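First the structure, in the form of structure tokens, and then the observations on it.
Remember, it's a predicted structure, so these values are computed and weren't measured experimentally.
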Amino acid sequence: MALQVYSAAPRTSMVQNSASVSQGIITKQPAMVCVAGDYPQLMKRKEIGLRMGFRVRSSLDATAAVAEVGQVTEVTKDTFWPIVKAAGDKTVVLDMYTQWCGPCKIMAPKYEQLSEKYNDVIFLKLDCNQENKSLAKELGIKVVPTFKILKDSKIIKEVTGAKYDDLVAAIETARST
């Protein structure tokens with residue numbers, strides 16, 4: 001049976017083919033998964049009561065959102081709070097930016113370097129587009145870039161504008177508390 005995966009939407013999906021179950025292979029791709037196969041063969045298997053032989057799971061089935069230390073993780077209105085809550089008492093830094101913002105583009109590589117430097121801090125970024133407008137409003141964004149520093153799911157510090165030195169000082173302060 002043929003199994004085809006088409007990329008169509010920016011979310012992680014896991015596809016596990018029955019032939020690869022014994023090998024424990026699961027393919028993760030940023031995609032919406034569409035399954036295509038030999039239709040007459042599928043119907044034949046269905047008629048005699050056999051399983052179809054593949055399983056498709058979406059990241060929407062996942063129980064928790066995950067951020068990795070040492071890199072910047074893109075978040076949305078749906079994944080932000082679960083990641084912050086899972087961080088517990090770790091320091092979380094959120095870069096709130098837009099695609100069209102010049103100072104945001106200047107800060108992006110510096111922010112990436114900070115994520116590699118501070119391995120005890122979780123670095124997130126949120127594109128304040130129309131899709132994430134509700135979260136941006138909830139967090140009280142007025143200008144971009146805005147950096148929110150959180151601990152125990154509470155905002156403890158804010159840095160507005162492309163102020164690298166202020167951001168480093170705020171991260172250092174948050175880490176020491």
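With hydrogens and angles ignored, the 3.5 Å screen pairs no side-chain donor or acceptor of Asn132 with any backbone N or O of Thr76. Asp166 contributes no side-chain N or O that, together with a main-chain N or O of Ala169, makes up a donor-acceptor pair within less than 3.5 Å. Checked by atom type and distance alone, the side chain of Asp152 never pairs as donor or acceptor with a backbone atom of Lys154 at under 3.5 Å. A side-chain donor-acceptor contact under 3.5 Å links Lys148 to the backbone of Leu139. Using modelled atom types, no side-chain atom of Lys125 and backbone atom of Tyr97 make a donor-acceptor pair closer than 3.5 Å.
For the pair Val121/Val69, no side-chain contact is recorded, criterion being any heavy-atom separation below 4.5 Å from C-beta on. Contact check for Thr177 versus Lys151: side-chain heavy atoms found under the 4.5 Å cut-off. Between Val72 and Asp95 there is no side-chain heavy-atom pair separated by less than 4.5 Å. Side-chain contact between Tyr164 and Ile106: absent, with no pair of heavy atoms (C-beta onward) separated by less than 4.5 Å.
Taking the six-membered ring for Trp and the full ring otherwise, the centers of Tyr111 and Phe147 sit less than 6.0 Å from each other.
When all heavy atoms of Asn119 and Gly70 are compared, the pair lying nearest together is OD1-CA, 3.9 Å. In plain terms, the two heavy atoms of Lys90 and Ile122 that are nearest each other are CD-CD1, 4.2 Å. Across all non-hydrogen atoms, the minimal contact from Ala162 to Pro103 is CB-CB, 3.9 Å.
The hydrophobic cluster containing Val75 does not contain Ile149, counting ILVMFWY residues as joined when their side-chain heavy atoms lie under 4.5 angstrom apart, directly or transitively. Connection of Met107 to Val93 is established within a shared hydrophobic cluster, with ILVMFWY side chains joined at heavy-atom distances below 4.5 Å, either directly or through further cluster members. Cluster membership check: Val159 shares its hydrophobic cluster with Val168, using side-chain heavy-atom separations under 4.5 Å among Ile, Leu, Val, Met, Phe, Trp and Tyr. The cluster map of Ile, Leu, Val, Met, Phe, Trp and Tyr, joined by side-chain heavy atoms under 4.5 Å apart, puts Met96 and Trp100 in the same cluster. Val144 and Phe80 fall within the same hydrophobic cluster, defined by Ile, Leu, Val, Met, Phe, Trp and Tyr side-chain heavy atoms under 4.5 Å apart, directly or through other members.
The CG atom of Leu94 sits 7.5 Å away from the CG atom of Leu135 when rounded to the nearest 0.5 Å. Of the inter-residue distances, the one linking Asp89 atom CG with Ser153 atom OG reads 10.5 Å to the nearest 0.5 angstrom. Separation of atoms OG1 (Thr98) and CG (Leu126) is listed at 11.0 Å; rounding is to 0.5 Å. Residue Glu172 holds its CD atom at 10.5 Å from CG of Leu167, rounded to the nearest 0.5 Å. In this structure, CD on Glu74 lies 8.5 Å from OG1 on Thr79, to the nearest 0.5 angstrom.
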Between Asn129 and Gln99, does the side chain to side chain contact (heavy atoms under 4.5 Å, CB included) criterion hold? Intermediate values first, please.
CA-CA 8 Å; Asn129 57 19; Gln99 296 288 330; over 6 Å; no

What verdict does the side chain to side chain contact (heavy atoms under 4.5 Å, CB included) test give for Glu116 and Phe123, after you've listed the backbone C-alpha separation in whole Å, the side-chain angles of each residue and the deciding distance to 0.1 Å?
CA-CA 9 Å; Glu116 294 166 4; Phe123 287 83; over 6 Å; no

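Checking each of Leu124, Val84, Thr91 against Leu150 for a side-chain contact (heavy atoms from CB on, under 4.5 Å) leaves exactly one that passes, namely Val84.
Remark: Glu112 engages no residue in a side-chain hydrogen bond (donor to acceptor under 3.5 Å, both in side chains) (not counting sequence neighbours).
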